[in-house]
Amino acid sequence: MRLEEIAERIRRCEKCPLHTSRKRAVPGEGREEARIMFVGEAPGKSEDEMGRPFVGAAGKLLDELLASIGLERREVFITNVVKCRPPSNRDPRPEEIEACLPYLIEQISVVDPDIIVALGRHSAGVLLGSESIMRVRGRVYEVEVFGRIRKVIPTLHPAAALYNPRLRPLIEWDLGELKRTISSRGSGLEDWI
Ligand code: URA
Ligand code: SF4
């Protein structure tokens with residue numbers, strides 16, 4: 001499977017300094033046929049230990065948010081902009097994002113999702129070229145992302161809502177946009193998930 005081949009290269013990757021401090025690289029997971037992809041920022045502590053995306057507290061919240069719009073994790077593909085954990089969960093550096101980006105581009109071209117949900121500032125930065133997640137969130141973009149026009153839905157990172165629960169309704173609203181997009185008549189997406 002092509003995704004597994006990409007994942008294997010990520011697990012062996014030493015293209016940026018993050019490989020020296022990681023326990024495990026976190027390639028991402030989900031079905032090759034997924035029509036929806038979620039792109040987070042970078043693995044945290046639990047993800048680094050397990051080698052799987054969004055398995056810690058932010059992941060638990062993401063699962064809850066997905067369930068609230070009738071989606072399950074196994075129906076989507078989940079990955080991150082940067083595949084190895086930055087020490088102490090610091091922000092990934094521009095040169096780390098640049099070094100890691102080819103993997104995300106490969107994953108997007110293999111899965112070829114119709115909708116990409118950008119979780120947080122760094123993901124929205126890579127997918128929409130935006131600097132401020134608060135400024136861009138709240139709507140659905142139709143833009144060219146690595147080869148073709150796709151819908152991009154930027155929202156806050158779930159970890160932000162863990163720190164500040166008042167932000168949770170904003171993510172819920174944005175995922176409501178996802179739900180509306182999926183169920184919009186004639187989108188064809190309702191047949192895919
Ligand atoms: N935060 C992320 O951005 N990605 C993960 O996989 C976990 C937490
Ligand atoms: Fe390679 Fe990306 Fe890990 Fe850096 S973060 S070592 S580029 S997989």
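No experiment lies behind these values; they were computed from the predicted model shown. Heads up: numbering here begins at 1 and tracks the sequence. First listed ligand is number 1; within each ligand, the first listed atom is number 1.
- Near Pro53, meaning under 4.0 Å from any of its heavy atoms, are these atoms of ligand 1: 6 (O).
- Taking any N or O of Gly40, backbone or side chain, none lies under 3.5 Å from an N or O belonging to ligand 1.
- Cation-pi geometry between Lys15 and Tyr103 is met: under 6.0 angstrom from the ring centre, within 45 degrees of the axis.
- The closest protein non-hydrogen atom to atom 4 (N) of ligand 1 is Asn80 OD1, 2.7 Å.
- Judged by a 6.0 Å distance limit and a 45° cone about the ring axis, Arg180 is positioned over the six-membered ring of Trp173.
- Not less than 6.0 angstrom separates the ring centroid of Phe38 from the ring centroid of His157.
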Per-pair distances, 0.1 Å, donor-acceptor, side chain in residues 92-100, under 3.5 Å, sequence neighbours excluded:
| from | atom 1 | to | atom 2 | distance (Å) |
| --- | --- | --- | --- | --- |
| Glu96 | OE1 | Arg90 | NH1 | 3.1 |
| Glu96 | OE1 | Arg93 | N | 2.8 |
| Glu96 | OE2 | Arg90 | NH2 | 2.8 |

Listing, residues 77-86 side-chain donor-acceptor contacts under 3.5 Å, not counting sequence neighbours, or none:
| from | atom 1 | to | atom 2 | distance (Å) |
| --- | --- | --- | --- | --- |
| Thr79 | OG1 | Pro27 | O | 2.8 |
| Thr79 | OG1 | Lys83 | NZ | 2.8 |
| Thr79 | OG1 | Gln107 | OE1 | 3.4 |
| Asn80 | OD1 | Glu41 | N | 3.2 |
| Lys83 | NZ | Asn80 | O | 2.7 |
| Lys83 | NZ | Gln107 | OE1 | 2.8 |
| Arg85 | NE | Asn89 | OD1 | 2.8 |
| Arg85 | NH2 | Asn89 | OD1 | 3.1 |

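- Closest protein heavy atom to atom 2 (C) of ligand 1: Ala42 O, 3.0 Å.
- Leu65 CG to Leu175 CG: the interatomic distance, rounded to the nearest 0.5 Å, is 5.5 Å.
- Of the protein's non-hydrogen atoms, His157 NE2, 2.6 Å is the one closest to atom 3 (O) of ligand 1.
- Between atom CZ of residue Arg24 and atom CD of residue Glu49 there is a gap of 9.5 Å, rounded to the nearest 0.5 Å.
- Close N/O approach between Phe54 and ligand 1 is found [any backbone or side-chain N/O within under 3.5 Å].
- Around atom 2 (Fe) of ligand 2, the protein N, O or S atoms found under 2.8 Å comprise Cys100 SG.
- Proximity to Glu41 (heavy-atom distance under 4.0 Å) selects the following atoms of ligand 1: 2 (C), 3 (O).
- With hydrogens and angles ignored, the 3.5 Å screen pairs a side-chain donor or acceptor of Arg22 with a backbone N or O of Arg11.
- Note: Met37 CE to Asp112 CG = 9.0 Å, rounded to the nearest 0.5 Å.
- Backbone and side-chain nitrogen or oxygen atoms of Glu47 are examined, and none is located within less than 3.5 angstrom of a nitrogen or oxygen of ligand 1.
- A search for salt bridge (Lys or Arg N to Asp or Glu O under 4.0 Å) contacts involving Asp48 returns nothing, not counting sequence neighbours.
- For the ligand labelled ligand 1, residue Ala159 lies outside the 4.0 Å heavy-atom shell.
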